[in-house]
Amino acid sequence: MGRTIALANQKGGCGKTTTCVNLGASLAEEGYSVLIIDLDPQANATIHLGINIHKLNGSIYDVLIGEETDITSIILNTPIKRLKIAPSHINLSGAEIELVNTIGRERVLKEAIFPIKDAYDYILIDCPPSLGLLTLNGLTTADEVIIPLQTEFFALEGMDKLLKTIQIVKEKLNHNLKITAITPTLFSKNTKLAQEALKKITLHFRDEVTSTIIRRNIRLAEAPSHGLPITVYAPSSHGSLDYKRLALEVIKR
């Protein structure tokens with residue numbers, strides 16, 4: 001039975017897509033079959049894996065909007081063996097409006113991936129940085145949520161809204177949904193501010209916080225422009241080691 005995990009945080013710049021791509025790559029390197037669903041109109045996960053979004057024959061937009069498009073027809077290989085992606089496209093930015101009159105609009109993605117749900121050990125859904133209809137689809141489809149949370153002064157701002165949304169989805173749309181992990185990201189051990197933010201996050205969320213902390217790392221920032229996950233671009237970097245450690249922790253959870 002595969003696991004479907006949404007990566008969500010409506011706050012941009014928290015390392016959500018970086019975590020989705022590099023966690024996916026690390027799980028694939030551990031021998032698991034992984035599918036990333038890029039549900040963000042910015043298509044950063046798709047670009048991060050070296051895919052030209054201007055040359056796509058189809059994207060997750062076509063699956064959500066065009067009832068004739070089977071999700072298997074848009075899935076692409078990536079530079080990592082066992083890691084595949086359902087790519088995004090800028091067209092997806094109009095999907096929220098286009099889906100508004102669709103019956104069961106919160107469940108469109110869930111129904112679309114139903115035939116392939118058990119074809120992968122892990123399906124990771126990269127949700128957009130908002131709490132709109134696309135994120136709602138991601139949370140309704142997933143069994144679990146991972147929340148990347150940057151170790152910065154305003155880290156907990158907006159978390160109440162996200163947690164409330166997850167709770168509402170759990171009560172009304174998806175009773176199986178649970179928070180698997182809150183992962184501190186962009187950590188700089190040399191700054192007092194980051195250390196205080198980490199302490200605050202750990203005190204606030206306790207057991208939900210992963211023991212793995214993703215350190216701020218220049219190689220992580222460079223990897224997307226090379227179209228590679230950190231495990232390939234700089235396998236011995238802090239970023240690569242952190243995400244490999246996070247993958248092992250997620251497997252155990």
Side-chain angles (χ1 to χ4, degrees), residues 2-11 13-32 34 36 45 48 80 83 121-127 139 142-160 162-163 166-167 170 176-221 223 229-253:
R3 291 169 68 183
T4 305
I5 305 173
L7 284 95
N9 191 334
Q10 81 273 28
K11 197 170 186 298
C14 64
K16 179 180 55 60
T17 297
T18 301
T19 297
C20 185
V21 169
N22 293 306
L23 173 60
S26 300
L27 288 166
E29 290 188 358
E30 286 295 321
Y32 296 95
V34 183
I36 290 174
H48 195 328
I80 301 278
L83 176 65
D121 298 312
Y122 289 88
I123 295 175
L124 304 181
I125 305 169
D126 188 26
C127 296
L139 294 175
D143 308 308
E144 308 169 47
V145 187
I146 291 176
I147 304 170
L149 194 55
Q150 72 274 44
T151 48
E152 290 171 5
F153 184 66
F154 292 115
L156 297 175
E157 207 171 90
M159 275 295 281
D160 284 349
L162 176 61
L163 295 174
I166 291 168
Q167 190 56 37
K170 185 179 170 68
N176 299 324
L177 191 63
K178 61 169 189 174
I179 295 171
T180 288
I182 292 170
T183 300
T185 59
L186 299 164
F187 180 68
S188 301
K189 64 176 182 185
N190 301 328
T191 71
K192 197 176 175 195
L193 201 61
Q195 288 175 347
E196 283 173 4
L198 180 62
K199 197 184 286 181
K200 206 171 167 185
I201 290 164
T202 309
L203 274 171
H204 201 278
F205 296 110
R206 300 183 184 278
D207 294 344
E208 287 170 331
V209 180
T210 54
S211 58
T212 304
I213 295 155
I214 307 299
R215 291 167 283 183
R216 197 178 279 278
N217 179 244
I218 190 70
R219 295 280 186 238
L220 273 177
I230 192 66
T231 52
V232 176
Y233 176 65
S236 56
S237 66
H238 283 330
S240 181
L241 299 174
D242 290 348
Y243 277 111
K244 283 176 182 171
R245 202 175 294 129
L246 179 63
L248 294 175
E249 199 169 341
V250 168
I251 291 163
K252 285 177 188 160
R253 290 188 175 217

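Not measured: the values here are computed from a predicted model. Position 1 is the first residue of the sequence, and the numbers go up from there.
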How long is the span from the [atom1] atom in [X] to the [atom2] atom in [Y], to the nearest 0.5 Å?
| X | Y | atom1 | atom2 | answer |
| --- | --- | --- | --- | --- |
| Tyr243 | Thr183 | OH | OG1 | 8.0 Å |
| Ile213 | Arg245 | CD1 | CZ | 9.5 Å |
| Ile251 | Leu23 | CD1 | CG | 8.5 Å |
| Ile147 | Thr185 | CD1 | OG1 | 12.0 Å |
| Leu241 | His238 | CG | NE2 | 8.0 Å |
| Thr19 | Leu246 | OG1 | CG | 7.0 Å |

What I want to find out is whether Asp126 reaches Lys16 closely enough, with some N-O distance under 4.0 Å, to be called a salt bridge.
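A salt bridge is present here (some side-chain N lies under 4.0 Å from a carboxylate O).
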State whether Glu249 and Arg253 are salt-bridged, where the test is any N-O pair (Lys NZ or Arg NE/NH1/NH2 against Asp/Glu carboxylate O) under 4.0 Å.
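Yes.
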For [X] against [Y], the heavy-atom pair lying closest together:
| X | Y | answer |
| --- | --- | --- |
| Pro235 | Lys244 | O-NZ, 3.8 Å |
| Asn9 | Pro148 | ND2-O, 2.9 Å |
| Leu177 | Ala142 | CD1-O, 3.7 Å |
| Asp143 | Gly2 | OD2-O, 4.4 Å |
| Thr210 | Pro184 | OG1-CD, 3.7 Å |

Does the Ser188 side chain pair with the main chain of Thr191, one donor and one acceptor, at a distance under 3.5 Å?
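Checked: no pair found.
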Main-chain N/O of Ser236 paired to Ser240 side chain as donor or acceptor, under 3.5 Å:
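Flag not set: sc Ser240 to bb Ser236 has no pair under 3.5 Å.
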Is there a side-chain contact between [X] and [Y] (heavy atoms, below 4.5 Å)?
| X | Y | value |
| --- | --- | --- |
| Leu149 | Cys14 | no |
| Leu163 | Ile179 | yes |
| Ile182 | His204 | no |

Taking it one step at a time, do Phe187 and Asp242 satisfy side-chain contact (heavy atoms from CB on, under 4.5 Å)?
CA-CA 11 Å; Phe187 180 68; Asp242 290 348; over 6 Å; no
Against Thr18, only a single residue in Leu7, Leu220, Ile230 fulfils side-chain contact (heavy atoms from CB on, under 4.5 Å); can you say which?
Leu220
Set of side chain to side chain donor-acceptor pair (under 3.5 Å) partners for Glu29, sequence neighbours left out:
Thr231
Please determine whether side-chain contact (heavy atoms from CB on, under 4.5 Å) holds for the pair Leu27 and Asp121, giving the CA-CA distance in whole Å, both sets of side-chain angles, and the decisive distance to 0.1 Å.
CA-CA 9 Å; Leu27 288 166; Asp121 298 312; over 6 Å; no
